[in-house]
Engineer: 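The structure that follows is given in the form of structure tokens.
Keep in mind the model is a prediction, meaning the values are calculated, not measured. Letters go in sequence order (proteins before strands), and every chain restarts at 1.
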2 protein chains.
Amino acid sequence: MTTLRDLSRHLGLSVTQVSRALNGHGDVSEATRQRVEEAAKKLKYIPNIAARRLVSGRSGVVGFVERSFEGVARDTILFETVTGLSSQFSERGIQFVLHLTPEDVSADSRSILPVYDRLSLGGSLDGFVLTGPRRNDLRIRHLLNNKIPFVVHGRSSENPDYPFFDIDNYGLAQRLTRHLIGYGHRRIALISGPETFAYTQFRLAGFKDALGEAGIAPVPFLIRHAAMTEATGMIATAQMFADPKRAPTAIICGNVLIANGAYRALAALGREVPADVSVVAHDDVVSPARTDSFYPTLTVTRSALSASWGPLADFLIGAIEGRAAGEIQEVAQVDFIERASVAAPRPE
Amino acid sequence: MTTLRDLSRHLGLSVTQVSRALNGHGDVSEATRQRVEEAAKKLKYIPNIAARRLVSGRSGVVGFVERSFEGVARDTILFETVTGLSSQFSERGIQFVLHLTPEDVSADSRSILPVYDRLSLGGSLDGFVLTGPRRNDLRIRHLLNNKIPFVVHGRSSENPDYPFFDIDNYGLAQRLTRHLIGYGHRRIALISGPETFAYTQFRLAGFKDALGEAGIAPVPFLIRHAAMTEATGMIATAQMFADPKRAPTAIICGNVLIANGAYRALAALGREVPADVSVVAHDDVVSPARTDSFYPTLTVTRSALSASWGPLADFLIGAIEGRAAGEIQEVAQVDFIERASVAAPRPE
DNA sequence: GCGATAACCCGAAACGTTTCGGAAGCCTCA
DNA sequence: TGAGGCTTCCGAAACGTTTCGGGTTATCGC
């Protein structure tokens, strides 16, 4: 193993200068920088992270805390998150660890807070990635209070004062709703995720505002919140069509799984898409439910979940380095892809 | 943040003694040890890992290298592995990182070797966990040659000279085969995993040896190797029953997914389990395919995959600490659970 | 009462890096 | 000519831990 010391002796320079040269500091002439870099390459110098961390006071490791539960290993979204963040952070020279807290921790979400303290105070973790924020998320408040760096995938309020990466959930719901209204629909259903998540609230607001623009009052019966699964899509659709008089002429689905369920329910109910019922969805391009296997093809807003890991990594690193929250926030716009699942409603 | 220095001042002791007391070394009286420990607790002393690592020369991080591929996020076994190892290592004060190499690395498995070098030479990783060993696994030879600590889940040969944790694949195949022979079966099929994996070879050997004991010659037509999926079970079963004269009276399935496929194929073919065909399997108790949802209930050998993460963690830590390979190896026995899927074959 | 032994303790060095404060050499401008 | 400012460099300290070599007592056997 070659050290800075070895390099400095080999070059007839001080350790200081070698360090500064390698780290691109100002105080070193272009000529020596070249020399140093060549020597470093030739002697296969690899900086010792432990030493670097000892002086910087940082560990070079960031984490993601998740409560372990029966079946955690089947959570595709979680795994997508882990693999995505793993790759992005390691490209940036930082290690990413998944920390599973034992499941015997009480279900009270407050009980997860000390885990963050323990991991960060020991100096073993420099920061955290949070996902699935609630409207008033305890974790966020706790981390802010304790000045522990973090970044959120999503956000808990409109204009938060912490780093985050989110998609425009309000906008996509508004867009899908307007699209349907443009075709003449007025009885529009929304099947979305659990109410506790903040993004669900944003989507609901976008939906309602778009309805409002057209002078349509939202109908509670046509608004459903549940887990984002195919079963949810089937059940919600089936229930809304139990009484034909109350049934919607169009359905907005929170994701592709729900849309899949809706399609299957509609097929079973003998309703045709889009002749009888129009269907749209938001597609986050995540594994098992492929939007291109739909018949008829599905009109969607789209934004790949996988596009968020890079910005999240950048922002967390920024947060650790002390950048202002305002500089490390992004609301990504979504694509709108018009396909064959929307038509004008049947005349009454 | 409290340091050893703070503690030593607070106690009127030297830093040396405090360190030795906390680490349980010999040279310190019981009384002071008590005092030190209390003070440490009171002042919330947490050792600085970076400093510890700087002097020990180790990073305290171990890794798992996997080639990233389209759909890596859907690989349940991989995720089970990651979550299991994550938990076990973090309980032991060690961090576990999943390192996904970019998928543009050529498919040649040799190309993954430099990744290990890079990660370990830089001092960022102390050791590795390997899974799915082949018969002559390049990675194993490479790590041995370069004296990089590792542990293998499985093994590439009967009595290897490196740390590993494996189940008795030879024994379980032998056991299942003998069980069927005991009921009078002679035309026994084996549907197992891809040939390249070492464990497949062990199972094949156990199967053949058990047949040999009974004077039965193995029939190549009844031995199938393919991915361990439900589809494999269906297809292999369907093909073996294409010509009734060549069909088996019993099937040994490599895992529960295959057994599930076999059950479905047999149902479609109008064969009853166990009256027409007996079925047994090995159950590694992994998520989606639950053995208890079988009808009739399935006779299996069983060993939970989840039981391997603990020993693997222990063994890798042992390897890093320089323990001899012989002390950190284990072949776990499997359970045999007799249920309702086996009966005597129909008389010809 | 003396040397040996054991039990307990300490100072200082080491790990490899970053950074602070200063210093030498050179140039510029008055 | 000399004050001031760049540019380029260096020594030394610091980060917090472990460990090596040695030191001080007290005890014990003779």
Engineer: How close or far is atom P of C:dT17 from atom CZ of A:Arg20, stated in whole angstroms?
Structural biologist: 16 Å
Engineer: Compare side-chain N and O positions of B:Asn48 against OP1 and OP2 of D:dC15 and report whether any pair is under 4.0 Å apart.
Structural biologist: no
Engineer: Can you tell which of A:Ile77, A:Leu98, A:Val129 makes a side-chain contact (heavy atoms from CB on, under 4.5 Å) with A:Val82?
Structural biologist: A:Leu98
Engineer: Need one value for A:Ser56: base, sugar-phosphate or nothing, where a base atom within 4.0 Å counts as base even if backbone is also close, heavy atoms only.
Structural biologist: nothing
Engineer: How large an angle, rounded to 10°, do the end axes of the helix from C:dG1-D:dC30 to C:dA30-D:dT1 enclose when each is built from five base pairs?
Structural biologist: 50°
Engineer: Find the distance B:His25:NE2 to C:dA7:P and express it as a whole number of Å.
Structural biologist: 17 Å
Engineer: Enumerate all atom pairs, one protein N or O and one N or O from nucleotides 23-26 of chain D, separated by less than 3.5 Å.
Structural biologist:
none

Engineer: Rounded to whole Å, how long is the line connecting atom OH of B:Tyr45 with atom P of D:dG16?
Structural biologist: 10 Å
Engineer: Expressed in angstrom and rounded to an integer, what is the separation of A:Glu30 atom CD from D:dC6 atom P?
Structural biologist: 20 Å
Engineer: Please answer whether the main-chain N or O of A:Phe315 pairs with a side-chain N or O of A:Gln329 as donor and acceptor at a distance below 3.5 Å.
Structural biologist: no
Engineer: If I take atom CZ in residue B:Arg58 and atom C1' in nucleotide D:dG16, what distance separates them, rounded to the nearest angstrom?
Structural biologist: 18 Å
Engineer: By ring-ring contact (aromatic ring centres under 6.0 Å, His included), which residues pair with A:Tyr162, not counting sequence neighbours?
Structural biologist: A:Phe150
Engineer: Please identify which of these residues, B:Phe64, B:Phe89, B:Phe96, B:Tyr116, meets the ring pair (Phe, Tyr, Trp, His ring centres under 6.0 Å) condition with B:Phe128.
Structural biologist: B:Tyr116
Engineer: Quick one: list whatever passes side chain to side chain donor-acceptor pair (under 3.5 Å) with B:Ser308, sequence neighbours left out.
Structural biologist: B:His153
Engineer: Do you know the tightest heavy-atom contact between B:Gly154 and B:Pro133?
Structural biologist: C-CG, 3.9 Å
Engineer: Separation of A:Ile49 atom CD1 from D:dG16 atom C1', in whole Å?
Structural biologist: 17 Å
Engineer: Between atom CZ in B:Arg33 and atom C1' in C:dA7, what is the gap in whole Å?
Structural biologist: 13 Å
Engineer: Base, sugar-phosphate or nothing for A:Ser19? Non-hydrogen atoms, less than 4.0 Å.
Structural biologist: base
Engineer: Flag the pair A:Arg33 and A:Glu30 as a salt bridge only when some basic side-chain nitrogen lies within less than 4.0 angstrom of an acidic carboxylate oxygen.
Structural biologist: yes
Engineer: It should be established whether B:Thr32 places a side-chain nitrogen or oxygen under 4.0 Å from OP1 or OP2 of nucleotide C:dC9.
Structural biologist: yes
Engineer: Between B:Asp137 and B:Arg139, is there a donor-acceptor pair closer than 3.5 Å when you use the side chain of the first and the backbone of the second?
Structural biologist: yes
Engineer: Can you tell me if CZ on A:Arg135 sees more than 12 non-hydrogen neighbours from other groups inside 6.0 Å?
Structural biologist: yes
Engineer: From the list D:dT18, C:dC9, D:dG16, which nucleotide is the closest neighbour of the side chain of B:Val28?
Structural biologist: C:dC9
Engineer: Toward the 5' end of DNA chain D, which comes first, B:Asp27 or B:Leu54, by nearest nucleotide?
Structural biologist: B:Leu54
Engineer: Output the residues of residues 5-18 of chain A in contact with DNA chain D, where contact means a heavy atom of the residue under 4.0 Å from an atom of the strand; sort by number or write none.
Structural biologist: A:Gly12, A:Leu13, A:Ser14, A:Thr16, A:Gln17
Engineer: With sequence neighbours excluded, what pairs up with A:Ser29 under the side-chain contact (heavy atoms from CB on, under 4.5 Å) test?
Structural biologist: A:Ala31, A:Thr32
Engineer: Would you mind telling me which of D:dT17, C:dC8, C:dT18 lies closest to the side-chain atoms of B:Arg52?
Structural biologist: D:dT17
Engineer: Output the single nucleotide from D:dC9, D:dT18, C:dT17 whose closest atom is nearest the side chain of B:Leu4.
Structural biologist: D:dT18
Engineer: Keeping the roles fixed (side chain from B:Ser86, backbone from B:Thr83), state whether a donor-acceptor pair exists under 3.5 Å.
Structural biologist: no
Engineer: Of all heavy-atom pairs between A:Ala51 and B:Leu54, which one has the smallest distance, and what is that distance?
Structural biologist: CB-CD1, 3.6 Å
